[in-house]
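Predicted, not measured: the structure shown is a model, and the values here were computed from it.
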Amino acid sequence: MKSKRHSHGGPNPYARTPRPFSAAVLDGPQRAPSRAMLYPVGFKAADFAKPVVGIASTWSMVTPCNMHIDQLAREAEAGANAAGGKAIVFNTITVSDGISMGTEGMKYSLVSREVIADSIETVVACEGLDGFVAIGGCDKNMPGALIAMARLNRPAVFVYGGTILPGCLTGAEPNLDIVSVFEAVGAHANRRLSERQFRRIEACAIPGPGACGGMYTANTMASAIEALGMSLPNSSAQNAVSEAKRVDCRRAGAAVVALLKRGLRPLDIMTRPAFENAITVVIALGGSTNAVLHLLAIAHAAGVKLGLDDFTRLGRRVPVLADLKPSGRHFMSELVALGGIRPLMRTLLEAGLLEGRCRTVSGQTLAETLAGVKPYPAGQTIIAPLDQPLKKESHLVILRGNLAPEGAVAKITGQEGVRFSGPARVFDSEDEAMASILAGGIRPGQVVVIRYEGPRGGPGMREMLGPTAALMGAGLGAKVALITDGRFSGGSHGFVVGHVSPEAFVGGPIALVRHGDRLTIDAEARTLRVELTARELRRRRRAWQAPPPRYTRGVLAKYARTVTSASFGAVTDDQAC
């Protein structure tokens with residue numbers, strides 16, 4: 001991957017004034033038409049001398065993750081205005097993975113990351129905004145916002161919309177979340193759950209606003225962004241509906257105005273050591289495999305050289321400490337009640353696992369922001385002591401071998417074991433695999449292969465939460481493995497390997513696997529192999545024919561033509577690799 005600063009970088013335009021971009025749009029007699037357009041949306045004459053701060057809202061009633069963000073955007077607007085700026089609220093899209101999961105619509109999910117990044121960049125650059133706050137509450141609008149921040153390189157702060165509270169059933173039954181519903185599908189299909197129990201779980205799992213409540217992709221990326229230095233302290237660990245989150249938004253609006261005065265920009269903060277801090281925190285929290293994909297993409301936008309091997313290098317020295325869902329027992333809201341991720345970050349800093357000199361949007365270094373953080377209360381069971389980790393090395397294991405020459409990403413918590421070998425059960429789409437799982441077609445010991453779901457082949461690299469959750473619900477979670485050139489939800493767990501590259505659509509070895517071929521996943525050796533000779537693989541490759549593209553026009557077709565390999569973050573920039 002090339003390391004190249006985006007064209008928005010270069011000399012600091014804030015050296016002389018905190019409003020270099022808005023001045024070009026609003027100052028002088030010739031810009032009177034521009035000013036005239038802004039009076040109706042709330043500008044007063046005095047506002048034209050203030051820095052203009054965008055508030056990029058991802059509000060939508062499409063999903064509970066984002067249903068409250070319009071209110072949070074108003075808080076950020078008030079904070080920017082009170083600090084001496086003039087805020088403008090604008091919207092971008094969001095989609096719901098939880099709703100579209102397992103359908104053709106899910107192919108648009110990863111695509112939306114690029115649409116969100118493009119749309120924020122477009123509005124901020126077109127309207128001459130001097131800086132901005134971006135508020136995200138779901139998986140793709142978070143990395144999308146960070147990609148835009150890196151491209152634009154204008155003072156910016158990210159605000160996480162916050163975590164949802166767990167759903168609840170009466171009696172002694174456990175708390176619920178969206179993964180509970182997906183796993184109930186498999187249990188219901190295999191008659192391990194009654195119709196009444198099934199409907200009760202469906203109706204009670206999602207109690208209100210906020211992102212999915214375990215250490216799934218949203219909470220993972222929020223934590224990574226805070227560790228990266230691009231959100232204010234503790235923004236990643238607040239309940240969606242809380243006074244703490246409203247204060248966070250007001251402080252973020254004010255922080256952008258302060259950054260404008262300092263001239264501190266995202267590329268001053270998003271350095272290589274900062275990305276290593278983000279990876280370290282993701283590992284310690286047992287975070288989602290999607291963090292690999294998204295951090296690679298954000299780093300690319302920032303011109304920082306980051307690759308799969310960096311996850312391996314850091315993973316050898318960073319342990320897993322958090323007992324959080326999906327592999328663990330606890331919800332994010334429980335960690336919020338203990339103080340969030342800040343005590344964990346201080347522990348990692350004191351152990352030499354974080355670089356404390358990295359700058360943050362608070363204006364302080366990371367070490368300075370952690371200086372007064374108190375430890376977790378005695379007796380808590382969510383975050384393990386550093387000398388008694390849940391796993392001594394990372395759960396995010398980069399695998400290579402004759403099945404994944406460019407790499408694959410496994411999520412191995414240790415509960416599944418470290419090695420799995422078995423005959424392949426091959427499917428050319430998620431839909432085929434799901435139908436077989438629900439019909440009882442998968443046997444213990446098999447390795448389920450789901451291919452032609454990669455960035456280009458899907459297109460869009462669907463998440464496989466449906467199949468993994470159905471396997472769990474069917475009681476097969478510990479008895480089978482699943483590999484795919486697609487990806488996984490942060491809620492997936494079990495012996496799963498995704499991001500297999502090269503993908504099947506471009507003729508990667510996963511396209512050559514047949515039913516019954518023996519596949520071996522070895523997390524200790526970090527290998528992913530099909531037990532075939534090189535000669536046999538060459539013979540099969542000569543006989544293989546590329547399938548026609550599934551889409552020939554529209555967003556998905558355009559995405560398929562421009563997207564790169566998952567091993568580079570599945571970005572759509574032609575300078576990606």
Side-chain angles (χ1 to χ4, degrees), residues 1-2 4-9 21 25 54-60 62-63 66 69 73 88-97 100 105-159 217 221 225 230 265-267 270 290 293-304 455-456 458-461 551 553-566 568-577:
M1 183 184 295
K2 294 182 180 179
K4 184 175 180 179
R5 282 312 212 208
H6 193 276
S7 58
H8 287 290
F21 297 99
V25 174
I55 310 295
S57 168
T58 58
W59 171 80
S60 173
V62 165
T63 168
N66 295 61
I69 286 179
I88 296 177
V89 179
F90 67 93
N91 252 74
T92 184
I93 67 163
T94 196
V95 299
S96 173
D97 294 358
S100 63
M106 185 63 193
K107 294 180 178 181
Y108 290 86
S109 172
L110 189 57
V111 178
S112 77
R113 184 188 73 181
E114 310 306 305
V115 176
I116 292 161
D118 291 350
S119 65
I120 293 175
E121 179 187 359
T122 299
V123 173
V124 171
C126 178
E127 301 303 317
L129 306 183
D130 297 303
F132 63 102
V133 175
I135 309 173
C138 203
D139 297 7
K140 309 311 169 299
N141 49 56
M142 302 167 74
L146 268 290
I147 290 169
M149 289 176 179
R151 291 177 184 170
L152 288 158
N153 200 27
R154 302 184 190 189
V157 175
F158 179 81
V159 175
T217 301
M221 288 310 301
I225 292 166
M230 288 303 297
R265 299 184 288 167
L267 296 187
M270 288 195 276
N290 280 317
L293 198 72
H294 296 324
L295 288 173
L296 290 175
I298 298 166
H300 167 69
V304 171
R456 292 182 63 185
M461 207 177 180
Y551 287 82
R553 60 187 302 176
V555 171
L556 291 180
K558 181 166 61 175
Y559 181 83
R561 287 193 297 268
T562 58
V563 71
T564 63
S565 168
F568 296 113
V571 297
T572 55
D573 184 333
D574 62 4
Q575 296 177 347
C577 58

With a 4.5 Å heavy-atom cut-off, do [X] and [Y] have their side chains touching?
{"X": "T572", "Y": "D118", "answer": "no"}
{"X": "S57", "Y": "I135", "answer": "no"}
{"X": "F90", "Y": "L129", "answer": "yes"}
{"X": "I93", "Y": "S112", "answer": "yes"}
{"X": "V115", "Y": "K140", "answer": "no"}
{"X": "H294", "Y": "T217", "answer": "yes"}
{"X": "K558", "Y": "Y551", "answer": "no"}
{"X": "M230", "Y": "L146", "answer": "yes"}

Show your working on side chain to side chain contact (heavy atoms under 4.5 Å, CB included) between V563 and M461 and close with a plain yes or no.
CA-CA 11 Å; V563 71; M461 207 177 180; over 6 Å; no
Please report the shortest heavy-atom distance between [X] and [Y], naming the atom on each side.
{"X": "C138", "Y": "T94", "answer": "CB-OG1, 4.1 Å"}
{"X": "F158", "Y": "M142", "answer": "CZ-CG, 3.6 Å"}
{"X": "P155", "Y": "R265", "answer": "CD-CG, 4.0 Å"}
{"X": "V95", "Y": "S109", "answer": "CG2-CA, 4.1 Å"}
{"X": "V89", "Y": "A73", "answer": "CG1-CB, 4.2 Å"}
{"X": "W59", "Y": "N91", "answer": "O-ND2, 3.0 Å"}

With side chain to side chain contact (heavy atoms under 4.5 Å, CB included) as the test, would you mind laying out the steps for E127 and I88 before giving the verdict?
CA-CA 10 Å; E127 301 303 317; I88 296 177; 6.0 Å; no
Given side chain to side chain contact (heavy atoms under 4.5 Å, CB included), test Y108 with L556 step by step and report yes or no.
CA-CA 7 Å; Y108 290 86; L556 291 180; 3.6 Å; yes
Using side chain to side chain contact (heavy atoms under 4.5 Å, CB included), reason through F21 and V124 one step at a time and then give a plain yes or no.
CA-CA 10 Å; F21 297 99; V124 171; over 6 Å; no
Donor-acceptor pair, side chain of N141 and main chain of G136, under 3.5 angstrom
no
Examine distances only and state if a side-chain atom of R113 and a backbone atom of P143 form a donor-acceptor pair shorter than 3.5 Å.
no
Reported [atom1]-to-[atom2] distance for the pair [X] and [Y], which is rounded to 0.5 angstrom:
{"X": "L152", "Y": "I120", "atom1": "CG", "atom2": "CD1", "result": "8.5 Å"}
{"X": "L296", "Y": "H300", "atom1": "CG", "atom2": "NE2", "result": "11.0 Å"}
{"X": "E114", "Y": "I116", "atom1": "CD", "atom2": "CD1", "result": "9.5 Å"}

Does a side chain donor of either S60 or N66 reach within less than 3.5 Å of an acceptor in the other side chain?
no
